[in-house]
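Beneath this line is the structure, given in structure tokens, with notes to follow.
A quick note: this is a predicted structure, and the numbers were derived from the prediction, not measured. Note on naming: letters A, B, ... go to the chains in the order of the sequence lines (proteins, then strands), and numbering restarts at 1 for each one.
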Number of protein chains: 2
Amino acid sequence: MKHYSKQREAILEVLRSTDTHPTANWIYEKVRERIPNIRLGTVYRNLSGLTADGEILQIEVGDGFEHFDGDISPHLHLYCKECEKIFDQSLKSDYISKVANESGFKTDTTIYVAYGICKNCNKKIN
Amino acid sequence: MKHYSKQREAILEVLRSTDTHPTANWIYEKVRERIPNIRLGTVYRNLSGLTADGEILQIEVGDGFEHFDGDISPHLHLYCKECEKIFDQSLKSDYISKVANESGFKTDTTIYVAYGICKNCNKKIN
DNA sequence: CCTAAATCAGTAATGATTACTATTTTATTA
DNA sequence: TAATAAAATAGTAATCATTACTGATTTAGG
């Protein structure tokens, strides 16, 4: 990722314009509204580059899809196993980073995921 | 996962006998030494069941493979982008779980992943 | 023992992601 | 602003980790 491209720019804008954690395909469909003949491969290539550059986060919750996040601040991802949605929760400190660096590991990205049942689903079930 | 099976038992034992974070295929090769005609599909099915039952953890680090962990205590996974290995580090408290539950989310599993460069690779590079 | 449900071996299919190539776009330098 | 090399893209094809299917086997409980 050494050069600017309008495709990369559009992908980044789409990702930053949502507070969900979309898949590559979702991003592809959105970007296609602006750049109709963009290819899914281009979206994947840029998402990989943006992740490597630390401009976005890649989140995996075990549902078979890679999810992407335009918010790179350290925060908690709550994955509800009932509705299969990802919720965000802010964190006061980057706990992981501190612990990791104490042991000589140079951290540049931290991912926090909790699995369980969200507030809403809890009401419905019980 | 309501019934016992020797396949499930063997898979769990293999996973608990290592402190690495193997892939389904690695586990398959190991279990095959004991049960020669077990199938990869059986390994996958059992790993999914064991994960759902909370007996093992499923860790994803963005390398295209699902990794499994027989240690279900909350701990930190350090993924070195240089040597592509996963290191463990114990945690004094399950920070995520506390924060999540405060907001009404019922957590049953927490995953901590830090990306960066490990101690050894740091020496080699610099 | 018997039965029903769960799991398995064996095999085939799926589909998210990656790879490839010729063309176009970008950054740089003169 | 033209020339050049490197990087990115469109278009297409391939990969391969994972899941799905089916008939046979194993398990749990009475």
Side-chain angles (χ1 to χ4, degrees), chain A residues 1-15 20-69 79 81 84 86 115, chain B residues 1-15 20-69 79 81 84 86 115:
Chain A
M1 303 294 267
K2 298 187 178 177
H3 288 183
Y4 161 91
S5 83
K6 68 173 180 184
Q7 289 85 352
R8 173 188 158 121
E9 200 66 19
I11 289 163
L12 194 50
E13 278 173 20
V14 163
L15 187 51
T20 66
H21 304 75
T23 62
N25 197 63
W26 186 95
I27 295 166
Y28 167 61
E29 293 295 349
K30 279 282 175 187
V31 173
R32 215 140 72 109
E33 294 169 8
R34 267 206 264 172
I35 308 174
N37 70 337
I38 194 173
R39 300 288 144 165
L40 190 50
T42 299
V43 174
Y44 272 106
R45 181 166 16 81
N46 277 287
L47 288 171
S48 293
L50 288 165
T51 302
D53 290 350
E55 298 215 59
I56 65 175
L57 294 183
Q58 195 172 326
I59 312 291
E60 293 169 83
V61 293
D63 63 349
F65 297 91
E66 284 178 9
H67 295 263
F68 297 90
D69 193 342
Y79 180 70
K81 296 197 278 189
E84 298 179 348
I86 304 173
Y115 296 86
Chain B
M1 301 293 267
K2 298 186 178 176
H3 287 182
Y4 162 91
S5 84
K6 67 173 181 183
Q7 288 84 351
R8 173 186 158 123
E9 199 67 16
I11 289 163
L12 195 50
E13 278 174 19
V14 163
L15 187 52
T20 66
H21 304 76
T23 62
N25 197 63
W26 188 95
I27 296 166
Y28 167 62
E29 293 294 348
K30 279 283 177 188
V31 173
R32 214 141 71 111
E33 294 169 7
R34 269 206 262 172
I35 308 174
N37 69 337
I38 194 173
R39 300 288 142 165
L40 190 50
T42 299
V43 174
Y44 273 106
R45 181 166 17 82
N46 277 285
L47 288 171
S48 293
L50 289 165
T51 303
D53 290 352
E55 299 216 57
I56 65 175
L57 294 183
Q58 195 171 326
I59 313 290
E60 293 169 84
V61 293
D63 64 349
F65 297 91
E66 284 178 8
H67 295 263
F68 297 91
D69 193 341
Y79 180 70
K81 297 196 278 190
E84 297 178 349
I86 303 173
Y115 296 87

- Judged by nearest nucleotide, the residue sitting upstream toward the 5' end of DNA chain D, A/His3 or B/Gly64, is A/His3
- Item | Non-neighbouring partners of B/Glu13 that pass side-chain contact (heavy atoms from CB on, under 4.5 Å), sequence neighbours left out | B/Glu9, B/Arg34
- Query: Any idea which of C/dA6, C/dA9, C/dA16 is nearest the B/Lys2 side chain?
  - Reply: C/dA6
- Is A/His67 reaching over with its side chain to a backbone N or O of A/His21, donor-acceptor style, under 3.5 angstrom? yes
- Task: Ignoring backbone atoms, test whether A/Gln7 places a side-chain nitrogen or oxygen under 4.0 Å from the OP1 or OP2 oxygen of D/dA10.
- Result: yes
- Message: Heavy-atom nearest nucleotide on DNA chain D for B/Ser5 versus B/Asn25: which residue maps closer to 5'?
- Response: B/Asn25
- Message: Surrounding NZ of B/Lys81 (heavy atoms of other residues, nucleotides or ligands, distance under 6.0 Å), is the total greater than 12?
- Response: yes
- Message: Just the rounded figure in Å: distance from C1' of D/dT12 to CD1 of A/Ile38.
- Response: 16 Å
- Distance in angstrom units between A/Arg39 CZ and C/dA19 P, rounded: 19 Å
- Note on the structure: Whole-Å distance, B/Glu66 CD to C/dA16 P, equals 15 Å
- Query: Contact class for A/Tyr4 vs. all strands (heavy atom < 4.0 Å): base, sugar-phosphate, or nothing?
  - Reply: sugar-phosphate
- Task: Rounded off to whole Å, could you give me the CG-to-P distance for the A/Asn37 and C/dT24 pair?
- Result: 12 Å
- Message: What's B/Asn46 touching, base or sugar-phosphate or nothing? Going by heavy atoms closer than 4.0 Å.
- Response: sugar-phosphate
- Could you give the CD1-to-C1' distance, from B/Ile11 to C/dA9, as a whole number of Å? 13 Å
- Message: Classify B/Leu40 by what it touches in the nucleic acid, base, sugar-phosphate, or nothing, heavy-atom distance under 4.0 Å.
- Response: base
- Cationic N near anionic O, under 4.0 Å, A/Asp53 to A/Arg8: yes
- Task: Whole angstrom is fine here: how far is it from CG in A/Asp63 over to P in C/dG15?
- Result: 15 Å
- Which of these, A/Ile11, A/Thr51, A/Asn46, sits in a side chain to side chain contact (heavy atoms under 4.5 Å, CB included) with A/Ile56? A/Thr51
- Whole-Å gap separating C1' (C/dT7) and OH (B/Tyr44): 19 Å
- Query: Between atom CZ in B/Phe65 and atom C1' in C/dT17, what is the gap in whole Å?
  - Reply: 12 Å
